[in-house]
2 protein chains.
Amino acid sequence: MKLPRYKQLHQRLKSDILSGHYAEGSLLPSENTLSAQHKITRVMVRQALSALEQEGYIARRQGKGSIVCAQQPALGLLSFRGFSEVLGETEHSATSQFLSKPHATTWSKDFFFDLSVSEQKAGCITIERLRKVDDQPVMLEFTYLPNLNIPNFCDKKWVQGSLFRMLYWYYQLEITNVDQRIRALAAEAETAEQFHLDMGTPILHIHRKYGTNRPNYFIYSSLYCNTEHYAIGTIIK
Amino acid sequence: MKLPRYKQLHQRLKSDILSGHYAEGSLLPSENTLSAQHKITRVMVRQALSALEQEGYIARRQGKGSIVCAQQPALGLLSFRGFSEVLGETEHSATSQFLSKPHATTWSKDFFFDLSVSEQKAGCITIERLRKVDDQPVMLEFTYLPNLNIPNFCDKKWVQGSLFRMLYWYYQLEITNVDQRIRALAAEAETAEQFHLDMGTPILHIHRKYGTNRPNYFIYSSLYCNTEHYAIGTIIK
DNA sequence: AAACTCAACTTGTATATACAAGTTAACAGG
DNA sequence: CCTGTTAACTTGTATATACAAGTTGAGTTT
């Protein structure tokens, strides 16, 4: 169960970056310094730093040092972009409100993904959120988590308004991949009302299945987007 | 300009994998073998293999060896999935046909992304494709490449029916990231006809900007999708 | 035939060392 | 004041070596 020393260093540096101990844009201690401080060779220090670089936490410059990077957006994060302008570069900040307190329930009988037996048994935590830009509702998001090994989830405080940061903070849960399917469909009565749109207006619908660093632990989302005024942006790296 | 030896080995192994010299599922020569063959230390061999592993070309197993992986799908590749079934796992294979031979033109005046001066000057190559599943048209794709340092592009043969594989094969051009914005909109007369749909049917529209391993070289796409019968799938890693 | 042992392979972790190459600030000379 | 050199730092590339730990198949024992 003992972690190799370079992995220990890797985790240590990572949590120090995430906690703000090393500020964004500042330099990490040099490889020789880390080597001396942690009493491991520079080769092992470099192995830890390579992993951090790969994950996007630092950028290394020969002759300069290891620079702490700005926090990269979560995998598959959606943003809202106006497109009245030709290029529509501007990114708009969204507010998020809960339509209900996150609560534990059973899974819907006709859930949109196939569930394993253990997921079925555990039941799910449902999160219903509405996102607005300029007071206009643009996204209706339903998120479902299997109620497995995330004790007291509903009582925890959210970290920086983000579900995923919260999951990392309390449970060391990280999103490793996203599998999604997208459709355009005509708004039905209910969603049309939420978005203040006429029935039948084209809206976007996305089903998502998030993979995590816990084997066989997945998170599911169903998203409805009003793209009348803002397009949905994603960056894939 | 001389590449370090471990990077040479990395490139060599990569092209050997892509050319099929090392079959999918087979083992690469062991680290010691590679070390002896190329007369570099095992430390350097491991550096090359780590890069290959990171890129997804191989998977390493302690005690076993380095296993050549199945070719991973291109970054942000779209697939078509039926959803008549509840879970809609099935992935459908699409055929692709050219609506016109790829040809060099000037950029449209109201192009959907902002272009640099050098891109403007170079002009663009336009590719118009229609994709079908079960003989039903599902995607209309317009791709635009700056006519810069891709000599004789229009005369080249496509590799495995893929634009991106072709770009790698002839020009070592790789896609490093995708920036996209998605909207749902009502089909206009023209697109409705292409898709055999009624005017006003909700369809999907995606603008894409692909980043590459060539600094400041970008590829642009505009995609219209008929999601009446097949949802658009993406996997983000 | 089945089970166990072991040797020979594989990758993983680790130390110690050397020099090349990029960056920066201090310092000397004009 | 400005300019060029240098010294002291940084990361990058590279060698040589050692042992730990997982895998596999051949050979031995039961």
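We use all heavy atoms of the structure for the numbers below, so side chains are in, but hydrogens, waters and symmetry mates are not. Just so it is clear: chains get the letters A, B, ... in the order the sequence lines come, proteins before strands, and each one is counted from 1.
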### Message
According to side chain to side chain contact (heavy atoms under 4.5 Å, CB included), who are the partners of B:T41, at least two apart in sequence or on a separate chain?
### Response
B:V43, B:M44
In whole angstrom, what separates [X]'s [atom1] from [N]'s [atom2]?
| X | N | atom1 | atom2 | value |
| --- | --- | --- | --- | --- |
| B:K64 | C:dT11 | NZ | P | 11 Å |
| A:I67 | D:dT11 | CD1 | C1' | 11 Å |
| B:I58 | C:dT10 | CD1 | P | 15 Å |
| B:L27 | C:dT10 | CG | P | 10 Å |
| B:L34 | C:dT10 | CG | P | 10 Å |

### Task
Provide the full list of side chain to side chain donor-acceptor pair (under 3.5 Å) pairs with a residue in residues 146-158 of chain A, sequence neighbours left out, each pair given once.
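Qualifying pairs: none.
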### Message
Just by distance, no angles: are the side chains of B:Y220 and B:E119 close enough, under 3.5 Å, to form a donor-acceptor pair?
### Response
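Checked: B:Y220/B:E119 side chains pair up, N/O donor to acceptor below 3.5 Å.
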### Query
side chain to side chain donor-acceptor pair (under 3.5 Å) with B:T212: which residues, sequence neighbours excluded?
none
### Query
Base, backbone or nothing for each nucleotide of nucleotides 12-19 of chain C, written B, S, -, heavy atoms under 4.0 angstrom, 5' to 3'?
BBBBB-B-
#### Entry: Those residues that, when tested against A:H207, pass ring-ring contact (aromatic ring centres under 6.0 Å, His included) (two or more places apart)
A:F112, A:H205
Per-pair distances, 0.1 Å, donor-acceptor, side chain in residues 61-73 of chain A, under 3.5 Å, sequence neighbours excluded:
from  : atom 1 : to     : atom 2 : distance (Å)
A:Q71 : OE1    : A:R165 : NH1    : 2.9
A:Q72 : NE2    : A:E55  : O      : 2.5

